[in-house]
Amino acid sequence: MSAPGEVAVIGAGWSGLAAAVECAAGGSRVTLFEMAPIAGGRARDAGAAGEGLDNGQHICIGAYRETLRLMARLGVAEADAFVRLPLRLVDAEGIGLRLPPGPPGLAFARGVLRHRRWTWRDRFALLRTALGWQRSGFRCDARSTVAELCASLPEPVRHELVEPLCVAALNTPAESASATVFLRVLRDALRSGRGSSDLLLPRRGLSALLPTPALASLAKMGAAIRLAHRVDRIEADGSAWRLDGDPFGAVIVATSAIEAARLVAPHDRAWSERAAALRYEPIVTVYATSAGARLPEPMLALHADAERPAQFVFDRGRLGGAPGLLAFVVSGAADWLERGAAEAERAVLAQAREALGAFLREPLCPVRTIVEKRATFRCTPLLERPPMTISPGLFAAGDHVDGPYPATLEGAVRSGVAAARATIG
Ligand SMILES: Cc1cc2nc3c(=O)[nH]c(=O)nc-3n(C[C@H](O)[C@H](O)[C@H](O)COP(=O)(O)OP(=O)(O)OC[C@H]3O[C@@H](n4cnc5c(N)ncnc54)[C@H](O)[C@@H]3O)c2cc1C
């Protein structure tokens, strides 16, 4: 039988890496298994070396405290990793919500009052509603969708703020997204102190932000790292667990929910069924380049509708990447994928030429389109997510595991840290 401090972590996405680092730093002997040849899971570099592409454009916010804490522990300086900006959701005409520096609640009110396109009625309606959310402790009927929560807001506020914010944070369209989770993210962004609503835009490839330094730190702490090793099954063996024959005192399953459902099924059918029941939303990222293009902001909101798929564009040249490289993001992309990835890419490029024409001196050429069919789980009201504890010594981590956050890097990291602490008991 293995010693109690032997922990296996299955999956080297951000949750598994967070779990492995926390366990190793706490004195456990860690073995990390990852089926891919590189770590990072859904948040890693993609494409050929030097292309400067991520598996999908990611944004973080100042309220991602566990993620920032872990990066600092790994020696990643925030200023090297991110461009930090006060929250702004402005379009190509420079119009939109722009928070001035200062305490987030007050900055939000000032940003709303200065919004140039909304009428005074629009602005006061939003402030009244936001005050109501604050008074209720950012809580609402657990059955409500975001669309229901915001039904009384004027149409421009819903279309230009609520809907893009909802798909950006929950990757689920407002008509089906959980209002409870939406309010929780708003609360954390607006009520967790100075800087919590700031946008943190990666200025380096995603692998450099956490996966690569985490592997280096794990190696230094003596952890065994087994890349390109898919764990086939977990077997109970008295008070220990065996992974493909090797014994461990505790196991953290930090794989995708689908793979976790398969691995856990022999040990807890109810857990496995709950994990398997999650539904997903795709994200499409279209990378395109136009020589000399420079957008007025590193991130711009785009007006998405039935003919225009992308909600946001990022100027990777302003974020430490190749000049002229743009990343267009289509969140909640299920309807677009029904039309096919090629059609989604064509529509994004047409939308880009229409919305960004003033900034494109040279033709816009597609570089690569990345489709993540199961980018995140659909964050719907009353969703039952599988819990962290499966059996004594068998734990789950991942953005899908029950927790306060939607499927985000912060949700993944928090879940990994919590599972690691649970192995210590
Ligand atoms: C396109 C896109 C855009 C996104 N944008 C944002 C954003 O802007 N902000 C944000 O906060 N979040 C964003 N997310 C979500 C974020 O990427 C995820 O929440 C996070 O990466 C999930 O990490 P994880 O560790 O839970 O899971 P994963 O990253 O899925 O990691 C699971 C790992 O387990 C491995 N694995 C699976 N089965 C096995 C096995 N049997 N044996 C060994 N290894 C196995 C997999 O290869 C994988 O590496 C985005 C996601 C996508 C796809």
Side-chain angles (χ1 to χ4, degrees), residues 7-23 30-44 46 55-56 206-207 210-211 214-215 218 223-236 241-246 248 250-282 372-378 384-391 393-403 405-420 422-423:
V7 179
V9 178
I10 312 174
W14 286 43
S15 66
L17 291 165
V21 169
E22 188 75 19
C23 284
V30 173
T31 304
L32 175 63
F33 296 92
E34 166 55 53
M35 72 179 183
I38 63 165
R42 279 167 276 165
R44 57 174 161 73
N55 187 45
L206 289 174
S207 295
L210 188 128
L215 288 189
L218 284 166
I225 297 164
R226 305 214 187 142
L227 297 178
H229 183 129
R230 179 175 189 243
V231 173
D232 199 37
R233 59 182 186 280
I234 304 172
E235 290 164 302
W241 297 93
R242 282 189 182 273
L243 297 191
D244 302 344
D246 294 335
F248 295 94
V251 175
I252 297 175
V253 184
T255 65
S256 63
I258 292 177
E259 190 64 356
R262 183 186 72 77
L263 289 167
V264 169
H267 311 292
D268 187 335
R269 187 144 292 278
W271 193 100
S272 171
E273 283 169 2
R274 195 176 276 195
L278 294 174
R279 292 291 164 259
Y280 295 89
E281 281 288 343
E372 272 282 349
K373 284 198 176 142
R374 294 198 187 98
T376 68
F377 64 82
R378 295 194 103 210
E384 295 198 332
R385 290 156 64 178
M388 176 184 75
T389 303
I390 303 167
S391 294
L394 183 60
F395 303 96
D399 62 359
H400 58 279
V401 171
D402 196 19
Y405 265 59
T408 51
L409 297 172
E410 177 70 2
V413 169
R414 282 188 187 204
S415 157
V417 170
T423 64

* **Nearest-0.5 Å distance, CD1 of residue Ile10 to OG1 of residue Thr31** => 11.0 Å

* Asked: Would Tyr280 and Ile258 satisfy side chain to side chain contact (heavy atoms under 4.5 Å, CB included), going step by step from the backbone distance to the final call?
  -> CA-CA 11 Å; Tyr280 295 89; Ile258 292 177; 3.8 Å; yes

* Would a distance-only check, ignoring hydrogens and angles, find a side-chain to backbone donor-acceptor pair under 3.5 Å from Trp271 to Val264? -> no

* Asked: Got a sec, which residues hit side-chain contact (heavy atoms from CB on, under 4.5 Å) with Val401, two or more places apart in sequence or on another chain?
  -> Met388, Ala396, Ser415

* Going by heavy atoms in the side chains, are Asp232 and Arg262 under 4.5 Å from each other? -> yes

* Quick one: list whatever passes salt bridge (Lys or Arg N to Asp or Glu O under 4.0 Å) with Arg233, sequence neighbours left out. => Glu235

* Test: Asp246 and Arg226 ion pair at under 4.0 Å -> yes

* **Arg44 side chain vs Gly41 backbone, donor-acceptor pair below 3.5 Å** => yes

* Asked: Crowded around Arg374 CZ? As in, over 12 foreign heavy atoms under 6.0 Å?
  -> no

* Would you find a donor on one side and an acceptor on the other, under 3.5 Å apart, between the side chain of Arg385 and the backbone of Asp399? -> yes

* Side chain proximity check, Leu32 to Leu215, heavy atoms < 4.5 angstrom -> yes

* Asked: How would you list, by chain and number, every residue that makes a salt bridge (Lys or Arg N to Asp or Glu O under 4.0 Å) with Glu372, sequence neighbours excluded?
  -> none

